[in-house]
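In this text, all values refer to a predicted model and were calculated from it rather than measured experimentally. Both counts, for ligands and for their atoms, begin at 1 and track the order of listing. Side chains included, hydrogens not; waters and symmetry mates left out as well; all remaining heavy atoms used.
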Amino acid sequence: MHRDIAKVLIYKETIAARVAEMARQITADHSQPGEPDLGEVTIVPILTGAMILCADLIRHIPIEMKIGLLTVSSYPGSALQSRGSQLLGQQLGDIRGRHVLLLDDILDSGGTLKLVVPILKDLGAASVKTAVLLRKDRPAAKEVPVDYVGFEIPDEFVVGYGLDYNNYYRNLPDICVLTPEAIERKR
Ligand code: IMP
Ligand code: MG
């Protein structure tokens with residue numbers, strides 16, 4: 001095990017299986033009569049954290065789609081708690097009349113989704129659905145409506161599979177908790 005990892009919360013095999021399941025659910029939901037066809041859907045990963053989820057998820061969704069990008073920062077630098085979400089950039093294309101599926105790595109304070117969903121609606125999206133890989137066990141996270149959740153996790157700071165600490169550790173394949181020494185060293 002990587003010396004900076006105190007424990008592995010979710011192993012990569014478990015993540016892969018759940019992401020495939022989420023994709024099946026999303027595909028099925030968008031194939032229902034009366035539901036938007038995925039051909040009219042724009043998938044929007046919130047960068048940087050959701051890039052790996054997006055890459056894995058969309059390869060299990062075998063239907064026409066567009067991709068848009070949004071960059072939001074809420075844990076700048078070595079912050080371990082949200083400092084409030086800020087929109088840093090966007091490359092959405094024209095989403096007027098399109099059904100947007102927003103992807104985020106983790107639902108924590110809910111600030112990111114609360115910031116971004118209204119922006120997408122203001123830009124003319126016909127609908128906005130949300131999917132997160134992880135949801136922390138804290139009241140604020142439970143209050144924010146979200147359509148798809150991969151895993152419920154304890155209220156701990158985690159890294160890996162796109163999630164970072166001070167922009168490190170995104171490449172760890174598992175969802176992990178860091179040692180206090182690593183947090184000190186990478187600050
Ligand atoms: P929220 O806006 O507080 O719901 O947090 C969502 C964003 O904060 C996510 O997109 C992550 O980028 C970041 N974040 C929240 N919790 C963690 C964590 O445990 N590790 C790494 N990043 C996190
Ligand atoms: Mg993020």
Side-chain angles (χ1 to χ4, degrees), residues 1-2 4-12 14-15 18-19 22 43-58 67-92 100-121 128-187:
M1 190 159 61
H2 194 292
D4 293 351
I5 297 173
K7 69 179 174 200
V8 174
L9 220 55
I10 311 173
Y11 283 95
K12 62 176 192 247
T14 311
I15 301 171
R18 182 70 184 123
V19 168
M22 290 171 79
I43 311 266
V44 177
I46 299 177
L47 301 178
T48 309
M51 67 180 190
I52 295 179
L53 170 66
C54 181
D56 284 350
L57 188 79
I58 63 175
I67 304 292
L69 302 175
L70 270 184
T71 302
V72 174
S73 168
S74 33
Y75 280 53
S78 56
L80 289 169
Q81 280 180 351
S82 179
R83 299 283 164 80
S85 300
Q86 207 191 341
L87 184 65
L88 296 184
Q90 61 115 330
Q91 207 173 303
L92 289 169
V100 171
L101 175 62
L102 198 54
L103 306 179
D104 207 358
D105 48 3
I106 189 164
L107 178 54
D108 179 19
S109 73
T112 301
L113 293 185
K114 281 190 209 156
L115 169 76
V116 165
V117 171
I119 291 175
L120 296 168
K121 288 185 175 161
V128 181
K129 284 193 178 185
T130 49
V132 296
L133 181 69
L134 309 172
R135 179 165 63 184
K136 281 194 192 171
D137 184 12
R138 54 178 289 198
K142 298 286 165 65
E143 279 162 18
V144 182
V146 56
D147 297 285
Y148 305 96
V149 177
F151 300 93
E152 308 282 353
I153 63 162
D155 189 3
E156 288 187 84
F157 190 82
V158 293
V159 297
Y161 198 77
L163 291 131
D164 72 302
Y165 172 60
N166 205 4
N167 215 8
Y168 293 107
Y169 303 110
R170 295 191 195 276
N171 56 322
L172 294 177
D174 310 307
I175 302 287
C176 307
V177 176
L178 293 172
T179 63
E181 296 74 40
I183 293 201
E184 219 20 74
R185 207 168 345 100
K186 293 288 196 292
R187 193 181 292 277

Of all residues at least two apart in sequence or in a different chain, which pass the salt bridge (charged side-chain N to carboxylate O under 4.0 Å, His left out) check with E181? none

Using heavy atoms and a threshold below 4.0 Å, how should the contact between K136 and ligand 1 be classified: side chain, backbone, both, or neither? side chain

What pair of heavy atoms forms the shortest contact from D137 to D155, and how long is it? O-CB, 3.7 Å

When you check the side-chain N and O atoms of Y168 and D4, is any donor under 3.5 Å from an acceptor? no

What are the atoms of ligand 1, with element, lying closer than 4.0 Å to any heavy atom of D164? 21 (C)

E184 meets the salt bridge (charged side-chain N to carboxylate O under 4.0 Å, His left out) criterion, sequence neighbours left out, with R187

Identify the residue among D105, L133, T48, L172 that makes a side-chain contact (heavy atoms from CB on, under 4.5 Å) with L163. D105

Can you tell me if L163 contacts ligand 1 (heavy atom of the residue under 4.0 Å from the ligand)? yes

What part of S85, side chain, backbone, both or neither, has a heavy atom within less than 4.0 angstrom of ligand 1? side chain

F157 heavy atoms, cut-off 4.0 Å: which ligand 1 atoms fall inside? 18 (C), 19 (O), 20 (N), 21 (C)

Taking only heavy atoms of S74 into account, list the atoms of ligand 1 that are under 4.0 Å away from them. 7 (C), 8 (O)

D105 contact mode with ligand 1 (heavy-atom cut-off under 4.0 Å): side chain

Taking only heavy atoms of G111 into account, list the atoms of ligand 1 that are under 4.0 Å away from them. 1 (P), 2 (O), 4 (O)

Quick look: D104 vs ligand 1, heavy-atom contacts under 4.0 Å, and the answer is side chain

Near E156, which atoms of ligand 1 are under 4.0 Å from a heavy atom of that residue? 19 (O)

Out of I43, L120, V146, T112, which one pairs with L102 under the side-chain contact (heavy atoms from CB on, under 4.5 Å) rule? L120

With a cut-off of 4.0 Å, which atoms of ligand 1 are near a heavy atom of G110? 1 (P), 3 (O), 4 (O)

Of all the atoms in ligand 1, which lie at a distance below 4.0 Å from a heavy atom belonging to T112? 1 (P), 2 (O), 5 (O), 6 (C), 7 (C)

Taking every heavy atom of L178 against every heavy atom of Y165, the minimum-distance pair comes out as CD1-CB, 3.8 Å

Work out which heavy atom in K129 is nearest to a heavy atom in D147; give both atom names and the distance. CA-OD2, 3.2 Å

A student checking ligand 1 against S109 at a 4.0 Å heavy-atom cut-off should list atoms 1 (P), 2 (O), 3 (O), 4 (O)

Can you tell which part of V158 has a heavy atom less than 4.0 Å from ligand 1: side chain, backbone, both or neither? both

Within the structure provided, determine whether R138 and S109 are in side-chain contact (heavy-atom separation under 4.5 Å). yes

